[in-house]
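When a ligand or atom number is given, it counts from 1 through the structure's own listing order. Because the structure is predicted, anything quoted here is derived from the model rather than measured.
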Amino acid sequence: MKIERARVIVTCPGRNFVTLKIETDQGVSGIGDATLNGREKAVVAYLEDHVIPCLIGKDPRRIEDIWQYLYRGAYWRRGPVTMSAIAAVDTALWDIKAKMANMPLYDLLGGQSRDRVLVYGHANGADLAETVDAVARYVDMGYKAIRAQSGVPGMKDVYGVGRGKLFYEPAGVGLPQETQWNTPKYLRFVPTLFDKLREKFGLDVQLLHDAHHRLTPNEAAQLGKSLEPYGLFWLEDATPAENQEAFRLIRQHTTTPLAVGEIFNTIWDCKDLIQNQLIDYIRTTVVRAGGITHLRRIADLASLYQVRTGSHGATDLSPVTMGAALHFDTWVPNFGIQEYMRHSPETDAVFPHAYRFEDGYLYPGDAVGHGVDIDEKEAAKYPYEPAYLPVARLEDGTMWNW
Ligand code: GCO
Ligand code: MG
């Protein structure tokens, strides 16, 4: 069996998505997501110029060998561009293998460990009252777990407060939007938000919050402590994690569960965090961390230390990543939760899929492969549009973490 053709499809049904399609000499094909928000074309070039020429003629059944070929063989390891490209190949090959086996991907991985996948949705509001209303809407839609982000008094353009009610998309057309950040105002406000949410919605709903890398370890420890009375499911990306040791200080001061890893690309980014039990949830996902093959290694390491998965599932990852992640979530023994931001109807039409939402859970469906396809006619209607994530500065103009 041979890979006969592989090509990259770029489409922008509201936001940019990069998809790799691999076709074999036996008529079976598979797709993988290669989207890297704001840097899409770098992955397109990496795939088209450097990866696809090496794939033609290879045996698509040799998933592990192809993974090692692209990772070790290239000499240049890791990094979001490399690992998104490898992930796209890997996801497409697992899709092909599962189709050949006539199985849903979760069966090929080892079978179902659960019947359904707990997801959390995003409730955002420009201020406290709007955020409370947004949480109420998610409760009404059946969500059991809800991430709450709110505008902060005295600050404009806070992370997580989107345009539109369900389809939060931070990237904007044109050059990066400049936003402002003020940590003391944020630290004072967030506990008042969760106090209100617990008062209104009680203890049953799981609440989450994303600090989006804005805090120092000490500030993160302060926030974790001040949120303890509200029993969060997790506090995400409390501080940047290039220095994995940074989490030790946070951990020593708070029992609020910690999640990190949506921008990690390999097991090396989280090895110390996991082995030292500095986190509770690892957020790596299919497209960002080298596909199913590598994600499985991260999850297995995590399981030794009772760290659970909580895959990134923002709308800048395509439905292909969502479908593959749901098969992974259905199998992985140490599953925690899956993020689920809804894609727009235009995006859903470009990527017909077998997964469905019901009463707070996602179901991967029982289609063979990962259950997501691309309608190329529909995709062709939406040409690429350059867009960037915003940037953040402190009030004195200092560049900060977005
Ligand atoms: C999340 C993420 C997103 C990112 C986005 C960047 O937790 O869902 O933090 O909101 O900001 O994926 O492209
Ligand atoms: Mg996040």
Should the heavy atoms of other residues, nucleotides or ligands under 6.0 Å from OH of Tyr361 be counted, would the total exceed 12?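 Yes, OH of Tyr361 has more than 12 neighbouring heavy atoms, counting only those of other groups under 6.0 Å.
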More than 12 non-hydrogen atoms from neighbouring residues, nucleotides or ligands closer than 6.0 Å to NZ on Lys185, yes or no? yes
Are any of the side-chain heavy atoms of [X] and [Y] separated by less than 4.5 Å?
X	Y	answer
Leu362	Arg116	no
Ile66	Lys58	yes
Tyr305	Gln277	yes
Asp280	Val307	no

Given Asp375 and Lys377, is the salt bridge (charged side-chain N to carboxylate O under 4.0 Å, His left out) satisfied, shown in steps? CA-CA 6 Å; Asp375 179 333; Lys377 270 215 188 99; over 6 Å; no
N/O separation below 3.5 Å, Arg283 to ligand 1: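 Among all N and O atoms of Arg283, at least one is under 3.5 Å from an N or O of ligand 1.
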Please determine if Asp210 has a nitrogen or oxygen closer than 3.5 Å to a nitrogen or oxygen of ligand 1. yes
Which residue and atom name correspond to the protein heavy atom nearest [atom], and how close is it?
atom	result
atom 11 (O) of ligand 1	His212 NE2, 2.8 Å
atom 6 (C) of ligand 1	Asp316 OD2, 3.3 Å
atom 8 (O) of ligand 1	Glu339 OE2, 2.4 Å
atom 10 (O) of ligand 1	Tyr159 OH, 2.5 Å

Is any side-chain N of the basic residue among Arg7 and Glu23 closer than 4.0 Å to the acidic one's carboxylate O? yes
Considering only heavy atoms of [X], which atoms of ligand 1 have at least one such atom less than 4.0 Å away?
X	result
Asn37	13 (O)
His312	1 (C), 2 (C), 3 (C), 8 (O), 12 (O)
Trp402	11 (O)
His122	8 (O)

For Thr183 and Trp181, does a side-chain donor sit closer than 3.5 Å to a side-chain acceptor? yes
Can you see whether Asn218 engages Thr216 through a side-chain donor-acceptor pair at a distance of less than 3.5 angstrom? no
Counting heavy atoms only, name the option from Glu262, Met341, Glu236, Arg147 that's nearest to atom 9 (O) of ligand 1. Glu262
Nearby protein N/O/S atoms (those under 2.8 Å) for the Mg ion (ligand 2), with water ignored: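 N, O, S partners closer than 2.8 Å: Asp210 OD2, Glu236 OE2, Glu262 OE1.
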Selection residues 66-85 - residue pairs positive for salt bridge (Lys or Arg N to Asp or Glu O under 4.0 Å), sequence neighbours left out: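 Listed once each, the pairs are Arg78-Asp269.
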